[in-house]
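Note sheet for the following structure.
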Amino acid sequence: MSSTRLLDDRALRALVRRRFLDEVGAAPSDAVASPRERLAALLREEAPLLAATRVGPLVDQLVSEVRGLGPLDAVLADPEVTEVMINGPGIAYVERSGVLGRVELDLDADEILGIVERVVGPLGLRLDRSSPIVDARLADGSRLNAVLPPLAVDGPCVTIRRFRAEPVTLEAFGAGPEVCGRLVRLVRSGWNVLVAGGTGAGKTTLLNALSSFIDPGERLVTVEETAELRLAHAHWVRLEARPANAEGAGQVTVRDLVRTALRMRPDRLLVGEVRGGEALDMLQALNTGHDGSLSTVHANGPAEALLRLETLVRFADAGLPVEAVRAQIATALDAVVMVRRGSSGARRIDSVSEVRAEPDGGPLRAHRLL
């Protein structure tokens with residue numbers, strides 16, 4: 001297809017799309033014909049001489065643009081794609097099996113913005129020059145982040161992280177029988193476990209795998225900033241934080257939800273990721289009878305995970321001395337499981353360490369078990 005033909009098609013689609021959306025906004029949904037039929041009719045009105053062979057493909061694109069995510073629909077239809085990264089108009093990469101590869105996406109800046117607006121609009125969120133960063137969740141549970149210029153210098157950037165629908169086993173992390181057996185015993189015996197790793201290392205996926213060994217009779221309450229966990233558990237309550245709306249009101253933080261979760265009689269509390277002052281509330285919960293709880297944290301090693309948790313507790317502005325914070329962590333946490341992603345994209349369990357306190361109140365130690 002020539003560049004002139006491409007620009008003509010894009011301009012035609014934009015015109016038809018605008019007319020259709022104007023109709024939908026001006027009339028009740030049941031007063032508008034089916035999207036495909038109406039879009040085809042509008043297309044014929046705007047381009048009566050359009051070749052019949054071009055009508056079908058253009059209508060398919062228009063339906064995807066007004067009801068879906070445009071060209072992204074085809075990319076997200078691939079079950080092997082776990083992450084989509086749009087670095088600006090026409091520049092996109094996807095991750096398959098932990099490996100990045102470039103893909104061609106026919107999207108200009110306005111079309112990228114339109115896709116994001118269709119996602120965040122129904123959620124009461126806004127993306128414009130006054131609010132150039134947004135986080136949202138797609139209908140299938142995928143997590144979306146978008147950044148607009150001038151913050152994104154080369155055009156609007158979108159990152160979509162997807163999560164596998166099928167469960168992943170511990171063996172998928174390269175764990176041998178000894179490691180798997182030890183982790184199963186830790187979970188079943190009620191150890192409080194912190195899963196640590198870098199971005200994209202597989203922390204949430206490993207948390208899902210560990211949760212499968214929790215007794216099905218126990219009540220689980222999960223707290224997440226964006227709902228990502230996919231637990232195979234019947235008695236499960238999911239709580240998700242809510243950002244402020246376009247007017248800056250209505251925010252509900254992870255810390256708010258951790259406090260609420262404790263009033264819901266959980267046998268086990270799972271905090272998807274600890275990022276701020278909720279670390280203190282989580283530790284207090286683990287120190288008051290909620291054994292067998294699981295959580296994750298960004299860190300490059302077991303010792304660094306404990307140090308980061310110590311830092312996050314201070315975000316709560318409770319004024320606790322460092323010795324008291326370390327004592328809280330030492331009595332609340334039992335083990336740190338480190339997960340890493342190799343250069344090939346493969347994710348593996350790197351170590352399992354027990355949390356130990358120093359007698360003099362010094363930095364906590366992560367004593368390697370496996």
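All values reported here derive from a predicted model rather than from experimental measurement. Values below: all heavy atoms of this structure, side chains included; hydrogens, waters and symmetry mates excluded.
When all heavy atoms of Ala335 and Val355 are compared, the pair lying nearest together is N-CG2, 4.1 Å. Of all the heavy atoms in Pro150 and Arg129, the pair that sits closest is CD-NH2, 4.0 Å. Gln251 and Asp256 get closest at one heavy-atom pair: O-OD2, 4.5 Å. Here the shortest heavy-atom pairing between Cys157 and Gly88 reads SG-N, 4.5 Å.
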For the pair Arg182 and Glu178, evaluate salt bridge (Lys or Arg N to Asp or Glu O under 4.0 Å) and give the outcome as yes or no after the intermediate values.
CA-CA 6 Å; Arg182 174 63 71 90; Glu178 182 183 2; 5.7 Å; no
### Task
Tell me, with the steps shown, if Asp267 and Arg265 meet salt bridge (Lys or Arg N to Asp or Glu O under 4.0 Å).
CA-CA 7 Å; Asp267 290 313; Arg265 197 216 167 274; 3.2 Å; yes
Salt bridge (Lys or Arg N to Asp or Glu O under 4.0 Å), that's the test. Do Arg238 and Glu224 meet it? Break it down for me. CA-CA 8 Å; Arg238 305 170 69 193; Glu224 301 175 84; 5.2 Å; no
**OP:** Could you go through the salt bridge (Lys or Arg N to Asp or Glu O under 4.0 Å) check for Arg347 and Glu171 one step at a time?
**Re:** CA-CA 11 Å; Arg347 295 166 171 87; Glu171 288 77 9; over 6 Å; no
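Listed by first and then second residue, the salt bridge (Lys or Arg N to Asp or Glu O under 4.0 Å) pairs involving residues 200-220 are Glu218-Arg268 (not counting sequence neighbours). Listed by first then second residue, pairs satisfying salt bridge (Lys or Arg N to Asp or Glu O under 4.0 Å) with a partner in residues 286-304 number zero, not counting sequence neighbours. Identified under the salt bridge (Lys or Arg N to Asp or Glu O under 4.0 Å) test for residues 273-282, with sequence neighbours left out: Glu225-Arg275, Arg255-Asp281, Arg259-Asp281, Glu273-Arg275. Among pairs with a residue in residues 358-367, those fulfilling salt bridge (Lys or Arg N to Asp or Glu O under 4.0 Å) read Glu358-Arg365, at least two apart in sequence or across chains.
A donor-acceptor contact closer than 3.5 angstrom links the side chains of Thr331 and Asn287. A donor atom on one side chain and an acceptor atom on the other are found under 3.5 Å apart for Gln61 and Arg13. Neither side chain, Ser211 nor His233, offers a donor N or O lying under 3.5 Å from an acceptor on the other.
Through chains of ILVMFWY side-chain contacts below 4.5 Å, Val147 is grouped with Ile133, Leu151. Met338 belongs to no hydrophobic cluster, as no Ile, Leu, Val, Met, Phe, Trp or Tyr side chain comes under 4.5 Å of its own.
Using a distance-only test at 3.5 Å, with no hydrogens or angles considered, a donor-acceptor pair links the side chain of Arg162 to the main chain of Val81. Between the side chain of Glu240 and the backbone N or O of Ala227 there is at least one donor-acceptor pair closer than 3.5 Å. Of the possible polar contacts, one joining the His290 side chain to the Ala285 backbone as a donor-acceptor pair under 3.5 Å is found. The closest donor-acceptor contact from the side chain of Arg19 to the backbone of Ala14 lies at 3.5 Å or more, if one exists at all. Checked by atom type and distance alone, the side chain of Ser293 never pairs as donor or acceptor with a backbone atom of Asn192 at under 3.5 Å. When atom types are taken as modelled, the side chain of Arg368 and the backbone of Val352 share no donor-acceptor pair closer than 3.5 angstrom. Using modelled atom types, no side-chain atom of Arg340 and backbone atom of Arg348 make a donor-acceptor pair closer than 3.5 Å. No donor-acceptor distance shorter than 3.5 angstrom exists from the side chain of Thr296 to the backbone of Val195, with no hydrogens or angles considered. Distance alone, capped at 3.5 Å, places no donor-acceptor pair between the Asn300 side chain and the Gly198 backbone. Ser142 places no side-chain N or O within donor-acceptor distance of the main-chain N or O of Leu138, the cut-off being under 3.5 Å.
Interatomic distance, CG of Leu127 versus CD1 of Ile115, reported as 12.5 Å (0.5 Å rounding). In this structure, the separation between CG on Leu194 and CG on Leu333 is 5.5 Å, given to the nearest 0.5 Å. Here the CG-CG distance, from Leu58 to Leu50, works out to 6.0 Å after rounding to the nearest 0.5 Å. Separation of atoms CD (Glu354) and CG (Leu186) is listed at 9.0 Å; rounding is to 0.5 Å.
In the hydrophobic clustering of this structure, Leu69 does not group with Val16; members are Ile, Leu, Val, Met, Phe, Trp, Tyr whose side-chain heavy atoms approach within less than 4.5 Å, directly or through other members.
Partner Leu270 forms a side chain to side chain contact (heavy atoms under 4.5 Å, CB included) with one of Val221, Asn208, Leu231, Leu210 and no other, that one being Leu231.
Glu45 CD: more than 12 foreign heavy atoms inside a 6.0 Å radius.
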